[in-house]
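Within every chain, numbering begins at 1; the chains are lettered A, B, ... in the order of the sequence lines, protein sequences first and strands thereafter.
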Number of protein chains: 2
Amino acid sequence: MAQPRWLNDDEVSAWIALSGLMFRLPAALDAQLLRDNNLTFFDYMVLSMLSMKPGRTARLSDLAAAVYGSLSRLSNVVKRLEQRGVLRREPDPENARYTQAVLTDAGWDLVVRAAPGHVEAVRHYVIDGLDSQQIDVLRQVACHVARKVEEQPPTCPEAGC
Amino acid sequence: MAQPRWLNDDEVSAWIALSGLMFRLPAALDAQLLRDNNLTFFDYMVLSMLSMKPGRTARLSDLAAAVYGSLSRLSNVVKRLEQRGVLRREPDPENARYTQAVLTDAGWDLVVRAAPGHVEAVRHYVIDGLDSQQIDVLRQVACHVARKVEEQPPTCPEAGC
DNA sequence: AGGGTTAGCTTCAAGCTTGAACCACTGGGA
DNA sequence: TCCCAGTGGTTCAAGCTTGAAGCTAACCCT
């Protein structure tokens with residue numbers, strides 16, 4: 001391997017700070033949701049994504065992609081959420097190979113109940129205290145990383161990049 | 001609960017992008033280190049922290065704090081790393097209540113061998129492609145979040161905040 | 001129509017993390 | 001000196017994630 005291109009001081013600072021964020025922010029978000037609604041951040045993302053789909057319905061593989069989880073993980077999570085009564089599985093009537101997840105009324109209520117506290121946590125930990133220029137750069141940086149992680153630059157439409 | 005303060009469009013974009021980063025960047029870093037050195041990102045952080053301590057030695061609880069992990073998790077990881085011969089545990093000679101982790105020569109070699117590829121991955125996924133202003137804002141934002149997560153603002157010296 | 005291939009989803013074993021319980025050592029006070 | 005509270009570290013059961021293997025349904029090709 002050629003001489004490694006080490007990071008300079010500014011880059012190291014930024015990287016250390018970012019890795020601290022990666023270690024701790026998910027735990028902090030999990031803690032709030034678990035305490036208040038007995039949901040992990042991943043659970044919440046699943047239900048939240050589902051609540052935004054037309055008919056509150058989505059195919060499992062679409063859902064897995066939307067929350068960046070493996071199908072195996074999603075299958076387990078959906079099983080637990082189904083046992084809890086917040087969603088149900090049913091085969092796609094048009095193609096029995098697909099399975100749809102459908103948010104139940106109880107699931108909708110849960111999302112409605114959980115959202116304010118979660119948003120408040122996101123504000124508290126991240127958004128509040130940043131000015132609009134910092135928020136803009138944050139989006140740029142995160143989109144840049146997203147593009148790199150999936151090597152073929154596929155855009156993330158919800159984030160506008 | 002009072003009317004929730006929802007996020008505006010820019011804030012939502014930034015938040016979606018950031019949560020994508022949190023889900024996927026750790027997996028990408030793990031993948032590179034596992035493939036090339038059979039280490040998780042967490043393992044690497046432990047060894048790397050240890051390699052920077054005077055005498056390549058640290059108390060387990062200090063190490064746990066440095067990598068933002070629970071003592072229980074660190075205990076398991078250190079046990080595995082010890083079985084692998086890259087570090088050893090020994091009681092603190094000055095106070096047998098403490099346990100020190102000491103990086104072995106094999107461990108030092110492993111860090112030296114793993115570092116270039118890891119830095120290259122960090123460059124590839126994050127640093128390269130950002131200009132110095134973006135890097136600066138990234139550090140500011142990550143430090144802001146760090147400060148919020150541990151409510152008493154305790155500073156993270158390595159990141160200069 | 002029928003056999004083979006592929007895609008979607010589930011299941012299973014293996015490994016990891018968590019939190020509680022537990023053990024060991026120290027330091028302080030009666 | 002002896003006990004006791006507190007701290008550092010380990011262990012254990014429970015739960016979660018992963019990746020491989022398995023199952024089923026649909027598509028394709030002849």
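Summarising the geometry, the separation between CZ on B:R80 and C1' on C:dG15 is reported as 8 Å, rounded to the nearest angstrom. One atom, OH of A:Y98, and another, P of D:dT24, lie 19 Å apart when rounded to the nearest Å. Rounded to an integer number of Å, the gap from A:L63 CG to C:dG8 P is 14 Å. Rounded to an integer number of Å, the gap from NZ of B:K79 to P of C:dG15 is 13 Å. Atom pair B:R59:CZ and D:dT7:P shows a separation of 13 Å (rounding to whole Å applied). In this entry the distance linking CD of A:E90 with P of D:dA25 reads 17 Å, nearest Å. B:D30 places its CG atom 12 Å from the C1' atom of D:dT17, with the value rounded to the nearest Å. Atom CG of B:D62 is separated from atom P of D:dG8 by 9 Å (rounded to the nearest Å).
Residues meeting the ring pair (Phe, Tyr, Trp, His ring centres under 6.0 Å) test with A:Y98, sequence neighbours left out: none. Taking A:Y44 as the reference, A:H118 meet the ring pair (Phe, Tyr, Trp, His ring centres under 6.0 Å) condition, with sequence neighbours excluded. A search for side chain to side chain contact (heavy atoms under 4.5 Å, CB included) contacts involving A:K53 returns A:A58, not counting sequence neighbours. Residues forming a side chain to side chain contact (heavy atoms under 4.5 Å, CB included) with B:D36 (at least two apart in sequence, or on another chain): B:Q32.
No hydrogens or angles considered: nothing links the side chains of A:S13 and A:D10 as a donor-acceptor pair under 3.5 Å.
Using a 4.0 Å cut-off between a side-chain N of Lys or Arg and a carboxylate O of Asp or Glu, B:R84 and B:E82 do not qualify as a salt bridge.
Using a 4.0 Å heavy-atom distance criterion, A:L71 is classed as a base contact.
For the pair A:R89 and C:dC9, the criterion of a side-chain N or O lying under 4.0 Å from OP1 or OP2 is not met. Contact annotation: A:S61 does not reach the phosphate of C:dA7 (side-chain N/O to OP1 or OP2, under 4.0 Å).
The side-chain hydrogen bond (donor to acceptor under 3.5 Å, both in side chains) analysis of residues 100-109 of chain B, with sequence neighbours excluded, yields no pairs.
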Exercise. Just by protein heavy atoms under 4.0 Å, how would nucleotides 18-29 of chain C read 5' to 3' in B, S and -?
Worked result: BB-----BB---
